[in-house]
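Worksheet: one structure, shown below.
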2 protein chains.
Amino acid sequence: MVALPDPEPLNELIESLTKLPGVGKRSARRMAYHLLQYDREGAKQIHDALDHALNDLVHCKMCNSFSQEEICAICQSPRRDHSLLCVVETPSDLNMIEASHGYHGLYYVLMGKLSPLDGVGAQTINFERLLKRVFEYPVKEVILATNFTAEGETTAHYLGTVLKEQNIKVSRIARGIPSGSELEYVDAGTIAWALNDRRSG
Amino acid sequence: MVALPDPEPLNELIESLTKLPGVGKRSARRMAYHLLQYDREGAKQIHDALDHALNDLVHCKMCNSFSQEEICAICQSPRRDHSLLCVVETPSDLNMIEASHGYHGLYYVLMGKLSPLDGVGAQTINFERLLKRVFEYPVKEVILATNFTAEGETTAHYLGTVLKEQNIKVSRIARGIPSGSELEYVDAGTIAWALNDRRSG
């Protein structure tokens with residue numbers, strides 16, 4: 001499609017931007033032009049932020065989330081319930097649960113999920129680290145809070161099996177009708193689950 | 001939505017990635033997680049490419065496109081027709097025209113287009129530079145090859161008016177039925193234009 005090559009540094013920038021998830025060659029080119037033409041300040045910011053993040057962020061030794069310290073603030077906090085461990089897929093999920101103010105235990109962030117169709121297996125996700133975490137700092141209960149997607153469910157099922165084999169108490173967050181929503185607008189699958197998982201009043 | 005702040009360098013990275021066109025907070029967060037967790041090599045590449053591009057790329061003094069030299073290869077080439085100047089919106093457009101092998105004149109890249117609704121006026125686009133270019137290195141004809149969108153048409157109309165005032169010959173690339181396509185699948189507006197701009201056989 002393109003005859004004349006762009007100058008080398010431009011090409012290099014376009015190529016590198018395709019490393020961003022969801023960004024193809026065409027978007028990468030648009031991004032590169034935009035940054036170089038209209039937002040060199042922004043380009044500088046991204047440059048410096050990458051530098052900073054690559055050098056200063058580590059994985060918290062206990063929860064595996066991104067942290068500036070070896071052990072993050074949540075895992076260090078004496079005000080959290082250290083007998084509960086909530087397993088989530090990403091740091092965003094952790095943030096969402098924190099925002100709900102309904103949980104005061106600790107977390108473990110998988111930084112991914114099993115996705116056999118994409119070739120992401122137990123090795124890639126490094127579940128061993130979670131097991132090590134649970135043995136090193138024992139907990140009363142592991143709450144599986146992976147998403148209710150095919151991959152999240154597979155992950156929860158796999159983790160549940162492995163943890164139960166080690167005689168660790170495992171639970172799964174409830175699936176049901178979202179609070180504030182009407183049955184009329186909820187999909188049939190969710191309604192079926194909500195009926196099945198009903199609680200005795 | 002988020003209670004617990006992400007660690008500072010992560011926040012900074014997420015914030016900086018929203019500078020990319022079309023990237024909101026949510027995508028930026030997904031990109032940051034992905035880079036830090038699964039593609040630190042890619043993050044390093046983006047970092048280095050930004051560095052390289054910000055430092056090594058300049059605007060060609062003649063055509064205004066990105067270049068590593070003061071005057072780019074096309075503008076320097078003695079094999080090009082220096083009496084023709086084709087005005088395009090972006091370096092991508094330049095590449096597309098080069099790929100067509102149908103043009104051997106020089107280019108001028110606007111690096112944008114008039115877009116009054118977005119507050120992009122003649123000052124932002126810096127049309128003065130184009131006028132200066134045309135006076136410094138006179139040409140026989142300026143071909144306006146901006147896109148056939150509302151903004152591209154506005155830009156072409158504005159440039160045409162300004163250039164004609166300076167007694168410079170101006171033309172506009174033809175609008176019509178794309179080669180290889182059937183009338184049945186072409187929109188009515190294009191058919192109307194093609195009829196209007198018909199050439200005597």
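On a predicted model such as this, the values are computed, not experimentally measured, just so you know. In what follows, chains are A, B, ... by sequence order, proteins preceding strands, each numbered from 1.
Put simply, of A:Ala32, A:Ser65, A:Ala49, the one with the most heavy-atom pairs under 4.5 Å next to chain B is A:Ala49. Here B:Ala53 is the residue among B:Gly112, B:Ala53, B:Ser67, B:Gly42 with the most heavy-atom pairs under 4.5 Å with chain A. Across B:Gln45, B:His47, B:His34, the residue that shares the most heavy-atom pairs under 4.5 angstrom with chain A is B:His47.
Contact of B:Leu35 with chain A is made through the side chain alone, with heavy-atom distances under 4.5 Å. With a threshold of 4.5 angstrom between heavy atoms, B:Asp51 approaches chain A through its backbone and through its side chain.
For the atom pair CG (B:Asp56) and CG (A:Leu10), the distance works out to 11.5 Å, reported to the nearest 0.5 Å. Distance check: B:Leu20 CG to A:Leu17 CG gives 6.5 Å after rounding to the nearest 0.5 Å.
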From CA spacing to verdict: side chain to side chain contact (heavy atoms under 4.5 Å, CB included), B:Tyr33, A:Met111: CA-CA 8 Å; B:Tyr33 291 160; A:Met111 293 288 182; 5.9 Å; no

Side chain to side chain contact (heavy atoms under 4.5 Å, CB included) between A:Leu13 and B:Leu54, intermediate numbers included: CA-CA 10 Å; A:Leu13 178 59; B:Leu54 284 172; over 6 Å; no

Residue pair A:Thr90, B:Arg30: steps toward the side chain to side chain contact (heavy atoms under 4.5 Å, CB included) verdict: CA-CA 9 Å; A:Thr90 66; B:Arg30 202 162 45 85; over 6 Å; no

B:Glu41 vs A:Lys19, side chain to side chain contact (heavy atoms under 4.5 Å, CB included): CA-CA, chis, key distance, verdict: CA-CA 9 Å; B:Glu41 195 44 52; A:Lys19 302 284 173 177; over 6 Å; no

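The minimum heavy-atom distance linking B:Leu50 with A:Ala43 is given by the pair CD1-O, 3.8 Å. Across A:Ser16 and B:Ile46, no two heavy atoms sit closer than the pair O-CG1, 3.3 Å.
The local environment of CD in A:Gln68 is crowded, with over 12 non-hydrogen atoms from other residues, nucleotides or ligands closer than 6.0 Å. The number of heavy-atom neighbours closer than 6.0 Å to OH of A:Tyr185, taken from other residues, nucleotides and ligands shown, is 12 or below. In the displayed structure, A:Gln76 atom CD is contacted under 6.0 Å by more than 12 heavy atoms of other residues, nucleotides or ligands.
Of the possible polar contacts, none joining the B:Arg29 side chain to the A:Ser92 backbone as a donor-acceptor pair under 3.5 Å is found.
When only modelled atom types and interatomic distance are considered, B:Glu8 and A:His52 share no side-chain donor-acceptor pair under 3.5 Å.
Put simply, the side chain of B:Val23 reaches to within 4.5 Å of the side chain of A:Met31, judged on heavy atoms.
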